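Okay, structure first, notes after.
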Amino acid sequence: MQLPKTYEPSQYEADIYALWEKSGAFTADPTTNKERFSIAMPPPNETGTLGIHHSVFLTLQDIMARYNRLQGKDVLWLPGTDHAAIAVNAIIEKRLADEGTNKHEIGRDEFLRRTIDFVSQSRGTMLSQMRAMGASCDWSRLRYTMDPGLNRVVNEVFVKMYNDGLIYRGHRIVNWDPNLETNISDDEVEYAEETTTLYTFKYGPFEISTARPETKFGDKYVVMHPDDKRYKQYKHGDTFTAEWINGPVTATVIKDEAIDPKFGTGVMTITPWHSMVDFEIAEQHGLEKTQIIDFHGKLLPIAQEFAGMDIADARPKIVEKLAKKGLLVGTDTNYVHNIARNERGKGIIEPQIRLQWFIDVTKASVAWKGKQRSLKQVLQDVMREGDIELLPKRFEKVYFHWIDNLRDWCISRQIWWGHRIPAWYRTHTDGTTETYVGMQPPVDDASEGWNQWEQDPDTLDTWFSSALWTWSTLIDPTLAEDPKLSLADLLRLSPDFQAYHPTSVLETGWDILFFWVARMILSTTYATGQVPFKTVYLHGLIRAEDGKKMSKSRPESIIDPLDVIPKYGTDALRMALIMGVSPGNDQNWGWGKVEANRNFCNKLWNIARYVEGVTSDKYTPGSTPKPRTAADHWVLGKLHHATEILSKHLDNYRFSEAYEHLYHFVWDDVADWYIEASKSQDDSEILGYVLENTLKLAHPFAPFVTETIWQTLYSDTDSLLITSTWPKPQQASKQQATQFEELKTIIAETRALVKQLGLARPNLYYTDVPFLAENASLLARMARLESVREVSSGTGLQLTSTHHHCWLDVDTGMLKAYADKLAEQITAQERIVVQLKGRLANKSYVANAPKAIVAQTRQQLAEAEASLERLRTEHTRFQAA
RNA sequence: GGGUGAUUAGCUCAGCUGGCUAGAGCGCAGCAUUCACAUUGCUGAGGUCAUAGGUUCGAGUCCUAUAUCACCCACCA
């Protein structure tokens, strides 16, 4: 079959992907004895479509999967999607609002029906996008965070943690979003600076400041630092009467070190129901807490005439009333503070006290390495003791810092989309209540005066289920249907869990280090006694071309992979996403990079076309032809070197460096030098060999074009590149390779001289260099020489870059320009010689530097001196002439 | 308030454990062209590696300050 002139990716990609998928190449096999390599794909949120940031992780993980597969390992790359509770919920609620209805009107069942419709549609789109990126993941093991088997595991872990006392239910202050009517975890809150007004009011004998007068109805404590001399006369627990918004209140003095005496008057009143800090002060001193604002953001009856009003409406009216009473003593309209919002839906967070489920991160109830530790301690230990390695390493510091600030994790959400909490409550006619937590609903027992059990209406934080992802996905779904088996049984009996866990590496963006990575470590160590993965590779985020975040508010900044792929090809997109990128650092999108890599694919294509033209029927993959020419030996050496370098970089997750080496191997070594050289010498066997191995090296990066070439050239073998093996190139003669390096040097100098001096095709003369005779036609062709001839003594310009005696046959008398050029080169070379000599003259350098380095310097000096000598000789000769 | 990263060619960025006579892509200048590829080839210009100190035989790389930018965490009434 013949390769057309230009590579048109869109003509092949779908067929090639189908070929791979059909071949079973993606499917892992836990029954083999091969070494394992496993990755759990970070499940994308089922919120519609995949974006360019998904392309980044699909590319990186696919490179790892394909490389390890070529290395002969049994590879499992397990794909999946996430139900993304709050994110999806926010979308559905927005759609309902657009229709003029809401979730309460349509009810829980209808809401869930619509949600399931939406996510199934999203999922279909997203899975086809993963295929378009070339993802070689094991579709037979596709998982979804709401699968029955995964739901079973979620409940098992919840119940286990509850029984171990690690999950508890309690009244705590939480981040309440009145828009979505749910609370969210600390990590889901985002802060933005806002300029607002800070009011100062008279409060009894004190002055207090607030940006939120509407929360102040129930304030009846004034707090100050115990060491604040200004308020020495007031003792902790003193009471006084103050005129306040709706008449006089009795207030109590509290002394607490949390107060900053330098801020404002050094005195504040507290609102424990609606402030995290106030809540903690109140807890510490056992103070009363009163709710002022309801869960829809409206004032409660305690506000009297303001009851039922929205915060925004009430605030100015309250200030006005206090001002009328003469209690307003100051306003600062330039007060800057941070406003808390839900990162999903952007609702303004109102701290509220609610009865919620929490995971206790400080209780020492986790068995890890034979000791009882807290979840926090295990999180620290696995990193400190090297069970898990973070790349880049600097994120370890960020990780530890996060753990230091970690508080109990609030896991219940008041939304309907998600894993329902496996807890049931019932009340007795005498008013007592009971809680039951378990895998199955409890059985009603009406005779005793109990009302029916009712399940907690709340669902779990999405991250509670994704935290189990590396292993809940490996549990056999059929086994998971058997209620008689325990969680430990499920782990023990599932072949995939036994074969692939802990996973080899987790690859994800640094932005979800806390949300996901840390929580996987937390839950997995607890539930399975294993770490979820050994290495975490964190990639950077991709920004718009101007370096700013891609954002929905600037639609033109968003790059859709599906706009790039048809035009440039998936391979070009993949390589653009890894080129020049280092772990943990963000990168800017660049159309230039896509074009460069489209060109690279075309280069591969044309190398194949050339080889196809000269080798048709002469080469079968897997051959080991003998090198004959200097160029053969040279290119085999380069291939050997490239294989080593790529392996080393890929083993160490240095994708960009691996790719850069590949790029230059293919373009410079193979295309520009070896193929050009081969045009003068018939080496079709080695050409075929080099192409075969080059395709293997390039396959992890550019799977489509390489497989397309493979299928076309080797169509009669029915082998697949994806399941072939990583090159083990044969050794070649170093001495012969060096000869080719000499040829390259001679060609390069000749080309430069011809160019710079404006020469027409000169002749090249040489004395007594056998390999020049052997490669005369190559030399003539590549250096564009009229002829290459052996002489007894040469005339013209003597080449200075080689120690062999070669001359370009030109009229030296006219070449003042050449003399000037030589003079320049001499100056440059002298500088290098001086530098190297200086280094070697330095006794401590020779004594302290590694021997190899010193030897290298000596050699560099010898070469530099020889080169300088040649330059000088030639220069002298010219000046004499 | 605490922390992290960045600062290298006109632009966007690599440079891992110090050995650099500092690289890539794009861009730029010049030349070439029915020979695999103009999605090309060849040649070339372009950098006191932010600044100031220090450690070292040797610093783009390590340390200490400073400046600018970006981000993360905490959050004060």
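The sequence lines fix the lettering, A, B, ..., with proteins before strands; numbering per chain opens at 1. Quick caveat: nothing in here was measured; it's all calculated off a predicted structure.
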[N] versus [M] - spacing of their [atom1] atoms, nearest Å:
N     : M     : atom1 : value
B:G15 : B:A22 : C1'   : 8 Å
B:C16 : B:C75 : P     : 37 Å
B:U43 : B:A6  : C1'   : 35 Å
B:G25 : B:U64 : C1'   : 36 Å
B:U66 : B:C71 : P     : 22 Å
B:G60 : B:U51 : C1'   : 15 Å
B:C62 : B:U8  : P     : 16 Å
B:A74 : B:G3  : P     : 15 Å

Close approaches to RNA chain B from [range], in residue order (heavy atom, under 4.0 Å):
range                       : value
residues 197-207 of chain A : none
residues 588-595 of chain A : A:N588
residues 185-196 of chain A : A:Y191

For [Y], is the NZ or CZ atom of [X] found under 6.0 angstrom from the centre of its six-membered ring and inside 45 degrees of the ring axis?
X      : Y      : result
A:K679 : A:Y610 : yes
A:K744 : A:W673 : yes
A:R519 : A:W409 : yes

What is the nucleic acid contact for [X], judged by heavy atoms within less than 4.0 Å: base, sugar-phosphate only, or nothing?
X      : result
A:I259 : base
A:K679 : base
A:I208 : nothing
A:N405 : sugar-phosphate
A:N652 : nothing
A:A211 : sugar-phosphate

Next on the checklist: Please evaluate residues A:Y231 and A:T265 with respect to the criterion side chain to side chain contact (heavy atoms under 4.5 Å, CB included), reporting the C-alpha separation (whole Å), side-chain torsions for both, the decisive distance (0.1 Å), and the verdict.
Outcome noted: CA-CA 10 Å; A:Y231 307 112; A:T265 58; 3.9 Å; yes
Check whether the side chains of [X] and [Y] place a donor and an acceptor atom closer than 3.5 Å, and report yes or no.
X      : Y      : value
A:R609 : A:N606 : yes
A:T508 : A:Y537 : no
A:S185 : A:D187 : no
A:T197 : A:T333 : no
A:D256 : A:H285 : yes
A:T252 : A:K220 : no

Within this structure, what is the [atom1]-to-[atom2] distance between [X] and [N], rounded to whole angstrom?
X      : N     : atom1 : atom2 : result
A:D668 : B:U43 : CG    : P     : 10 Å
A:L695 : B:A36 : CG    : C1'   : 14 Å
A:L390 : B:U4  : CG    : C1'   : 14 Å
A:L871 : B:U21 : CG    : C1'   : 15 Å

Item to check | Secondary-structure stems, RNA chain B, at least 3 Watson-Crick or G-U base pairs under 3.5 Å | outcome: B:1-7 with B:67-73, B:10-13 with B:23-26, B:28-32 with B:40-44, B:50-54 with B:62-66
Next on the checklist: Go through it in stages, so that I can follow the logic: the residues are A:Y199 and A:D332, the test is side chain to side chain contact (heavy atoms under 4.5 Å, CB included), and I'd like the CA-CA distance, side-chain angles, deciding distance and then a yes or no.
Outcome noted: CA-CA 6 Å; A:Y199 303 96; A:D332 172 3; over 6 Å; no
Checklist entry - If you measure from CZ on A:R839 to OH on A:Y845, what distance do you get to the nearest 0.5 Å? => result 5.0 Å
Checklist entry - How many angstroms lie between atom CD1 of A:I281 and atom OH of A:Y221, to the nearest 0.5 angstrom? => result 12.5 Å
Qualifying residues under side chain to side chain contact (heavy atoms under 4.5 Å, CB included), relative to [X], sequence neighbours excluded:
X      : answer
A:I339 : A:A192, A:E194, A:R341, A:I348
A:M579 : A:K593, A:N597, A:Y659
A:H649 : A:I645, A:R654, A:E657, A:A658

Next on the checklist: Below 30° counts as parallel, above 60° as perpendicular, anything between as tilted: where do the rings of A:W589 and A:W591 land?
Outcome noted: perpendicular
Next on the checklist: Which is more 5' along RNA chain B, the nucleotide nearest A:K843 or the one nearest A:M579? Just name the residue.
Outcome noted: A:M579
Next on the checklist: Quick check on RNA chain B: between A:G580 and A:E660, whose nearest nucleotide comes earlier from the 5' end?
Outcome noted: A:G580
If you restrict it to nitrogen or oxygen atoms, what contacts under 3.5 Å exist between nucleotides 16-20 of chain B and the protein, and what is each distance?
| from | atom 1 | to | atom 2 | distance (Å) |
| --- | --- | --- | --- | --- |
| B:C16 | O2 | A:R654 | NE | 3.3 |
| B:C16 | O2 | A:R654 | NH1 | 2.8 |
| B:C16 | O2 | A:R654 | NH2 | 2.1 |

Checklist outcome for this item: For nucleotides 59-64 of chain B, 5' to 3', base contacts (B), sugar-phosphate-only contacts (S) and non-contacts (-) with protein non-hydrogen atoms under 4.0 Å give ------
Next on the checklist: Has A:E257 got a side-chain atom pairing as donor or acceptor with A:P226's backbone, closer than 3.5 angstrom?
Outcome noted: no
Checklist entry - Is the distance between the ring centroids of A:Y12 and A:W605 under 6.0 Å? => result yes
Next on the checklist: Quick check on the 6.0 Å ring-centre criterion: do A:F514 and A:Y399 meet it?
Outcome noted: no
Item to check | Non-hydrogen atoms of A:P583 and A:R394 that approach each other most closely | outcome: O-NH2, 3.7 Å
Checklist entry - Which heavy atom in A:L836 sits nearest to a heavy atom in A:A864, and how many Å separate them? => result CD1-CB, 4.1 Å
Atom pairs, N/O to N/O, protein against nucleotides 39-41 of chain B, distance under 3.5 Å?
| from | atom 1 | to | atom 2 | distance (Å) |
| --- | --- | --- | --- | --- |
| B:U39 | O4' | A:N599 | OD1 | 3.1 |
| B:U39 | O2' | A:N602 | ND2 | 2.7 |
| B:U39 | O2 | A:R598 | NE | 3.4 |
| B:U40 | OP1 | A:N599 | ND2 | 3.3 |
| B:U40 | O3' | A:K603 | NZ | 3.3 |
| B:G41 | OP1 | A:K603 | NZ | 3.3 |
| B:G41 | OP1 | A:W667 | NE1 | 2.2 |

Checklist entry - Can you list every salt bridge (charged side-chain N to carboxylate O under 4.0 Å, His left out) pair that touches residues 266-282 of chain A, not counting sequence neighbours? => result A:E280-A:R407
Item to check | Under 3.5 Å donor-acceptor pair, A:Q587 side-chain atoms to B:A14 base atoms | outcome: no
Checklist entry - Is there a side-chain contact between A:Y619 and A:E692, using heavy atoms and a 4.5 Å cut-off? => result yes
Between the protein and nucleotides 69-72 of chain B, list the N/O to N/O atom pairs that are separated by less than 3.5 angstrom.
none

